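Read through the structure below, which is laid out as structure tokens, and then see the notes.
Per chain, numbering begins at 1; letters A, B, ... match sequence-line order. Values in this document were obtained by computation on a predicted structure and should not be read as measured data.
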Amino acid sequence: MPELPEVETTCRGLEPHLRGQRIHAVIVRDARLRVPILAELAHILPGLEIRGIGRRGKYLLMDCGRGWLILHLGMSGSLRILPSDALAEKHDHFDLVLESGFCMRLRDPRRFGAVIWTETDPLRHPLLAHLGVEPLTNDFDGAWLYRHTRGKKGSIKQTLMDSHLLVGVGNIYANEALFRAAIRPTTPAGRVGASRCDRLARAVKDVLQQVIAAGGSSLRDFVDSNGKPGYFQQQYFVYGRAGEPCRQCGVPIRLLRQGQRSTFYCPDCQR
DNA sequence: CGCCAGGCCTGCACGC
DNA sequence: TGCGTGCAGGCCTGGC
């Protein structure tokens, strides 16, 4: 997916179209997502007013008054605002038709996403209840990272990507943050010292904030809520650059696998 | 054809 | 025995 910046960008883009809008209808074209879409949504949602939209980790939360819609974009999901009569294309699985004449449309080719309805506190939903700290808040800093990694033998990269510890950092930004902090991704988390934790926490915040400020991303097929492509010209330091020269020192970037995900790093800059 | 891709849940094996 | 931890597998489609 979309990592945190893409979800945040989507959230900000959707907000003005959704807040205060009443739901007119629901169209489910294919309910088979990671969590099957509840057919009853077509009866539950119409008539409800969307009071607001927020984000927790990579989950979007839509306050509908008598309940909440929780959306997740999986690996390949996107949400767009379109005229409600716009022709649906392949992989357009779900529409929230609004009284404004527009609709919010979910497209998700790989169907790893989710549309979930809950009538209780969404933060207590089993999928969200155990999520870790938000990296862009003051709760997360070097001291926090240091405290929460003591004794951990797993690699610092996989630890960064553990959403039960820290939300929102996926494969791309884990690689990029570790480069910026000059830390080797394979280092056991518990052996990253206090000052390196400071650098790393700072790098995580900087990377995420920069991408949000750039208005999206980086992912080739990411589109924001208006259907505009993300900022994919953005340059990565290491992600996807195996064999290419490090932008800092010129040494070829290396590729290895950690937990079945690709890790890219500079053997010279990251120790 | 095989392999790779942004996520993340589940179940299993292991060590304390 | 129980818990936390770490890993592999699985869910899907599309692009190279």
*Do A:Met62 and A:Phe94 belong together in a cluster built from hydrophobic side chains that touch within less than 4.5 Å?*
yes
*asked:* Donor-acceptor pair, distance only, cut-off 3.5 Å: does the side chain of A:Arg124 make one with the backbone of A:Ala129?
replied: no
*In whole angstrom, what separates A:Asp30's CG from C:dC11's P?*
16 Å
*Measure the distance from CG on A:Asn175 to P on B:dG7 and round it to the nearest whole Å.*
11 Å
*Taking atom types as modelled, is there a side-chain donor on A:Thr263 or A:Arg257 under 3.5 Å from an acceptor on the other?*
no
*Where is the tightest heavy-atom contact between A:Thr159 and A:Lys152, given as atom of each residue plus distance?*
CG2-CD, 4.1 Å
*Does the side chain of A:Glu176 come within less than 4.5 Å of A:Tyr236's, by heavy atoms?*
yes
_B:dG7, OP1 or OP2 - any side-chain N/O from A:His72 closer than 4.0 Å?_
no
*asked:* Taking Watson-Crick (N1-N3 plus N6-O4 or O6-N4) and G-U wobble (N1-O2, O6-N3), each under 3.5 Å, can you produce the dot-bracket string of DNA chain C? Use [ ] for crossing pairs and | for inter-strand ones.
replied: .||||||||||.||||
*Of A:Arg32 and A:Ser155, whose nearest nucleotide on DNA chain C comes first from the 5' end?*
A:Ser155
*Please name the pair of heavy atoms, one in A:Val204 and one in A:Ala177, separated by the smallest distance, quoted to 0.1 Å.*
CG2-CB, 3.8 Å
*For A:Gln270 and A:Cys266, which heavy atoms make the closest approach, and how far apart are they?*
OE1-N, 2.8 Å
*Report yes if a side-chain nitrogen or oxygen of A:His91 is closer than 4.0 Å to either non-bridging phosphate oxygen (OP1 or OP2) of C:dG14; otherwise report no.*
yes
*Check A:Cys103 against A:Asp95 and note the closest heavy-atom contact, atom names and distance.*
SG-OD2, 3.9 Å
*Output yes when a side-chain donor or acceptor of A:Lys58 lies under 3.5 Å from a complementary backbone atom of A:Glu6, and no otherwise.*
no
*Using atom CE of A:Met75 as one end and atom P of B:dC8 as the other, report the distance to the nearest whole Å.*
10 Å
_Rounded to whole Å, please give me the gap between CG in A:Leu160 and P in B:dC8._
14 Å
_Value in whole Å for how far the P atom of B:dC8 lies from CG of A:Asn171_ = 12 Å
*From the options B:dA5, B:dC8, C:dG14, select the nucleotide whose nearest atom is closest to the side chain of A:Lys58.*
B:dC8
*asked:* Give the residues of residues 252-265 of chain A touching DNA chain B, defined as any heavy atom closer than 4.0 Å, sorted by residue number.
replied: A:Arg257, A:Arg261, A:Ser262
*Could you label the plane-to-plane angle of the A:Tyr239 and A:Phe264 rings as parallel, tilted or perpendicular, counting under 30° as parallel and over 60° as perpendicular?*
perpendicular
*asked:* I want to check one thing: is the phosphate of C:dG4, taken as OP1 and OP2, less than 4.0 Å away from some side-chain N or O of A:Lys152?
replied: no
*Take atom CD1 of A:Ile156 and atom C1' of C:dG6, then tell me their distance rounded to the nearest Å.*
15 Å
_Just to be sure I understand the rule, does A:His164 reach a base, reach only the sugar-phosphate, or reach nothing, if contact means heavy atoms closer than 4.0 Å?_
sugar-phosphate
*Looking at A:Ser76 and A:Pro109, what are the two nearest heavy atoms and their distance?*
O-CD, 3.3 Å
*asked:* If I pick the C1' atom on B:dC1 and the same atom on C:dC11, what distance separates them, to the nearest angstrom?
replied: 22 Å
*Could you state the atom-to-atom distance from NE2 of A:His148 to C1' of C:dT5 in whole Å?*
16 Å
*Within this structure, what is the CD-to-P distance between A:Gln158 and C:dG4, rounded to whole angstrom?*
20 Å
*Would you kindly say whether A:Gln158 and A:Ser155 are connected by a side-chain donor-acceptor distance under 3.5 Å?*
yes
*Scan residues 109-133 of chain A against DNA chain C and write down, sorted by residue number, each residue with any heavy atom closer than 4.0 Å; if none is found, say none.*
A:Pro109, A:Arg110, A:Arg111, A:Phe112
